[in-house]
Amino acid sequence: MKQFSMLWGVLGLLGTLFVFFVSLEVMGDSFKLMSGGLAERLLSTTSNPFVGLFIGILATSLVQSSSTVTSLTVGIVAGGGLTVAGAIPIVLGANVGTSITNTIVSLGHIARRDEFERAMGAATVHDFFNLLAVAIFFPLELTTGFLSRTAEGLTNGLANAGGTSLLNPVTVLTDPVVEGIISLSQHNGIIALSVGVILLFVSLRYLVILLRSVFLGRSEQLINKHLFGPVPVALLFGTLVTIMVQSSSITTSITVPLVGAGIVSVTQIFPFVLGANIGTTVTALLAALVLSGDSPTGHAALQVAFAHLTFNMCGVLIVLPLKKLRQVPIWLATSLGKLVVRNRTYAFAYIGLIFFAIPLIIIFATRSFSPDTAAPPPAEQLESVREAPNTK
């Protein structure tokens, strides 16, 4: 009887995870519909590295997909529309912008005080790590060209390599449902977003309940000991899972309800999140390998992809081994969790400021930007995006 109950629990968990993944895909597509090609226009309009950094944050926040933004950036470089120097800040900004999905996921716990505090900490530890890494490597790149020089060395060894695309099992399973929801919404971004948010909140509520029931007792000990146990193992699992699903947002978002349910802590998921940061570089790297060939622009595209990989790997190598440095993003995330439960509006203010208001202010204050370039209709825009690797 106990085994039968466990089986139903596991099946229920898998079904809820499926709805959870669908909700993330629908929300991502709805933002693409509402942005109307703004992200693509943003990417191709800057040569200022500071503007490029914040354009990377804003563009990724709009489409909720760092891999989409980095792949687009690689494609623009391959097409001659961006230089390596102009593309690298955008890639660094994309790393920050991708964590918006986690923070939105944490809002599903907003009605339950203790859960919300833990979930917000789990969601934003990714933000603060990426901000810390940018604070270290962005000035280093501007002054020494560390990332571009390292990437160039790696590129020279693979300049003539070809590439291929990975099969994304999550997309294969969710695409028919997501496309059906988008079609029923008549490609209306607001309606699609509303459906995505409802699915997210419902799936999160039941995900927490099912996680608690499935992972209590011995199962909880196993997940603590292995998946989120030893740092190297957690780092490896985070990397491999993200490569498999081609989505760091999905990988890291899974940890939010786990922490919210009290199964694991923010400190335990931190190496797993860093592994996801490394795994998410694969999509742009594959796209660059496809585009590389013998042309100078193809070579530059591969260099940008390698710069992304170098940035994420070096960030892990510097932050993770040093205890005091490692504690900085963890402390900031848990402190923010304590702050937002005192006043829920702080959570919305954090999202609005970090991912939208500050980038927009910097972009408009630094240069004159006019998005007058014609964009394809939303339905056509979405179709073209969904044909590319749908990753976050």
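Numbering of residues begins at 1 and proceeds along the displayed sequence.
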Subject >> Donor-acceptor contact present, side-chain Thr150 to main-chain Leu147, <3.5 Å >> reply: no
Original post:
Is it the case that one hydrophobic cluster holds both Val195 and Leu184, taking links as side-chain heavy atoms less than 4.5 Å apart, direct or via other members?
Top reply: no
**OP:** I would like to know whether Tyr346 and Val341 meet side-chain contact (heavy atoms from CB on, under 4.5 Å); could you show each step before the answer?
**Re:** CA-CA 9 Å; Tyr346 290 155; Val341 295; over 6 Å; no
Subject >> Over all atoms of both residues, closest heavy-atom pair of Ile330 and Thr267 >> reply: CG2-OG1, 3.8 Å
Subject >> By ring-ring contact (aromatic ring centres under 6.0 Å, His included) - contacts of Phe54 (at least two apart) >> reply: none
Original post:
If Ile, Leu, Val, Met, Phe, Trp and Tyr residues are connected whenever their side-chain heavy atoms lie under 4.5 Å apart, and connections chain through other members, are Leu317 and Leu235 in the same group?
Top reply: no
Original post:
Can you get from Trp331 to Leu322 by hopping between Ile, Leu, Val, Met, Phe, Trp and Tyr side chains that sit under 4.5 Å apart?
Top reply: yes
**OP:** Measure across Phe129 and Pro329 and return the closest heavy-atom pair with its distance rounded to 0.1 Å.
**Re:** N-CB, 3.7 Å
Original post:
Ser61 and Ile57: which non-hydrogen atoms are nearest, and at how many Å?
Top reply: OG-O, 2.8 Å
**OP:** Find out if a path of hydrophobic residues (ILVMFWY) with successive side-chain heavy-atom gaps under 4.5 Å connects Ile362 to Leu142.
**Re:** yes
Original post:
For Gln268 and Val264, which heavy atoms make the closest approach, and how far apart are they?
Top reply: OE1-CA, 3.4 Å
Original post:
Hey, what do you get for CG (Leu58) to CD1 (Ile363), rounding to the nearest 0.5 Å?
Top reply: 5.0 Å
Original post:
Applying the 4.5 Å side-chain criterion to the ILVMFWY set and letting contacts propagate, would Val51 and Ile361 be lumped into a single cluster?
Top reply: no
Original post:
Taking atom types as modelled and ignoring hydrogens, do the side chains of Glu141 and Ser148 form a donor-acceptor contact shorter than 3.5 angstrom?
Top reply: yes
Subject >> CG-CG distance between Asn95 and Asn130, expressed to the nearest 0.5 angstrom >> reply: 4.5 Å
Original post:
So do Leu62 and Phe356 actually touch side chain to side chain, heavy atoms under 4.5 Å?
Top reply: yes
Original post:
In Å, rounded to the nearest 0.5 Å, how long is the span from CZ of Phe146 to SG of Cys314?
Top reply: 4.0 Å
Original post:
Under 30°, 30 to 60°, or over 60°: which ring-plane class applies to Phe137 and Phe311, parallel, tilted or perpendicular?
Top reply: perpendicular
Subject >> Phe138 side chain near Pro49 side chain, heavy-atom distance below 4.5 Å >> reply: yes
Original post:
Looking only at atom types and distance, does a side-chain atom of Asn277 sit under 3.5 Å from a main-chain N or O of Asn312, one as donor and one as acceptor?
Top reply: no
Original post:
Mind checking whether Val304 and His308 have side chains closer than 4.5 Å, heavy atoms only?
Top reply: no
Original post:
Looking only at heavy atoms, what is the nearest atom pair of Gly260 and Arg118, with distance?
Top reply: O-NH2, 2.7 Å
Subject >> Pairwise side-chain contact, Leu336 with Met120, heavy-atom cut-off 4.5 Å (strictly under) >> reply: yes
Original post:
Just checking, any donor-acceptor pair under 3.5 angstrom between side chains of His299 and Asn156?
Top reply: yes
Subject >> Exercise: identify the closest heavy-atom pair between Phe237 and Phe272 >> reply: C-CE1, 3.9 Å
Subject >> Interatomic distance, His126 atom NE2 to Phe270 atom CZ [nearest 0.5 angstrom] >> reply: 9.5 Å
Subject >> Passing option when Thr251 is tested against Thr280, Thr242, Thr239 for side-chain hydrogen bond (donor to acceptor under 3.5 Å, both in side chains) >> reply: Thr242
Original post:
Taking atom types as modelled and ignoring hydrogens, do the side chains of Ser253 and Asn102 form a donor-acceptor contact shorter than 3.5 angstrom?
Top reply: yes
Subject >> Test applied, side chain to side chain contact (heavy atoms under 4.5 Å, CB included); reference residue, Thr60; option that passes from Thr98, Val96, Thr70, Ile100 >> reply: Thr98
